[in-house]
Amino acid sequence: MTTRNASARYEGFGKTGKGHVSSESGVLADTPYSFNTRFGDEKGTNPEELIAAAHASCFTMALSFGLAGAGYTEGTLETKAAVKLEQDGAGFKVTRSDLTLTASVPGIDPDQFASIAADAEKNCPISKVLNAEITLTHTLK
């Protein structure tokens, strides 16, 4: 259906190396990333932050379409994703993505909302690509 592109460049190696990541849309344009943006507090991005943004936005859009398909036309959805990176032998692994959703959908039954949200969590394309535990907690206002 569609292919999206991004690129990364890394100069130097290991902890002293510096990288830049760019996306086809231009939203990321030579955005810095490095060991210190990943494990420290240096300004820039990191792969886990980008996965969290992708997962939060993908899930939220999938839920929006699920709600529209059920006949709902207004409301708000706000999702935070917390992606956890842990030691895995000599390397690292993304072990989980915890989605926290706050939603306002006038007139929806809480059980119906929970069902639609669970379906979106399981079936958004980013959830399907992650080899990690995924949790969803939500608050319906």
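We're numbering straight along the sequence, starting at 1.
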F59 vs L101, side chain to side chain contact (heavy atoms under 4.5 Å, CB included): CA-CA, chis, key distance, verdict: CA-CA 10 Å; F59 162 75; L101 167 68; 4.0 Å; yes

Hphob cluster co-occupancy, F65 + V105, side-chain heavy atoms under 4.5 angstrom: no

Shared-cluster residues of F13, by chain and number - hydrophobic side chains joined below 4.5 Å: none

For the student: nearest non-hydrogen atoms of F92 and Q87, plus distance: CE2-OE1, 3.5 Å

Set of salt bridge (Lys or Arg N to Asp or Glu O under 4.0 Å) partners for E42, sequence neighbours left out: K18

OG on S25 to CZ on R4, rounded to 0.5 Å: 8.5 Å

CA sep, side-chain torsions, deciding dist, call: H138, T102, side chain to side chain contact (heavy atoms under 4.5 Å, CB included): CA-CA 6 Å; H138 70 269; T102 301; over 6 Å; no

ILVMFWY network linking M61 to L67, side-chain heavy atoms under 4.5 angstrom: no

N123 (side chain) donor-acceptor with D119 (main chain) under 3.5 angstrom: yes

Min side-chain heavy-atom separation K43-P32 under 4.5 Å: no

Any residue meeting side-chain contact (heavy atoms from CB on, under 4.5 Å) with R96, in chain and number order, not counting sequence neighbours: K84, D98, E133, T135

Where A81 and A52 come nearest, the two heavy atoms and their spacing: CB-O, 3.4 Å

Verify same cluster id: L85, I126 (apolar side-chain graph, 4.5 Å): yes

Under 3.5 Å donor-acceptor, S22 side chain and S7 backbone: no

Approximate separation, where rounding is to 0.5 Å, of F35 CZ and Y10 OH: 9.0 Å

Value rounded to 0.5 Å, distance of OG in S115 from CD1 in I108: 9.5 Å

V94 side chain reached by E86 side chain, heavy atoms, under 4.5 Å: no

Residues in side-chain contact (heavy atoms from CB on, under 4.5 Å) contact with D109, at least two apart in sequence or another chain: D111, Q112

Point-to-point distance, once rounded to the nearest 0.5 Å, from CG of L99 to CG of L63: 10.5 Å

Cluster link L140 to L136, ILVMFWY, side chain under 4.5 Å: yes

Atom pair OG1 (T76) and CD (E74), whose distance is rounded to the nearest 0.5 Å: 10.0 Å

Gap between atom OG1 of T45 and atom CG of L50 - 0.5 Å precision: 3.5 Å

Sequence neighbours excluded, every pair satisfying side chain to side chain donor-acceptor pair (under 3.5 Å) that has a member inside residues 51-71: H55-S97, H55-S127, T60-T79

Enclosure of D30 CG (heavy-atom neighbours >12, cutoff 6.0 Å): yes

Partner residues of E121 under the salt bridge (Lys or Arg N to Asp or Glu O under 4.0 Å) criterion, sequence neighbours left out: none

Residues E48, R38; criterion salt bridge (Lys or Arg N to Asp or Glu O under 4.0 Å); working and verdict: CA-CA 8 Å; E48 294 73 36; R38 195 174 201 179; 2.5 Å; yes

Ring centres under 6.0 angstrom apart (Y72, F113): no

Residue pair K80, E78: steps toward the salt bridge (Lys or Arg N to Asp or Glu O under 4.0 Å) verdict: CA-CA 7 Å; K80 293 181 181 180; E78 293 183 33; over 6 Å; no

N46 (side chain) donor-acceptor with T37 (main chain) under 3.5 angstrom: yes

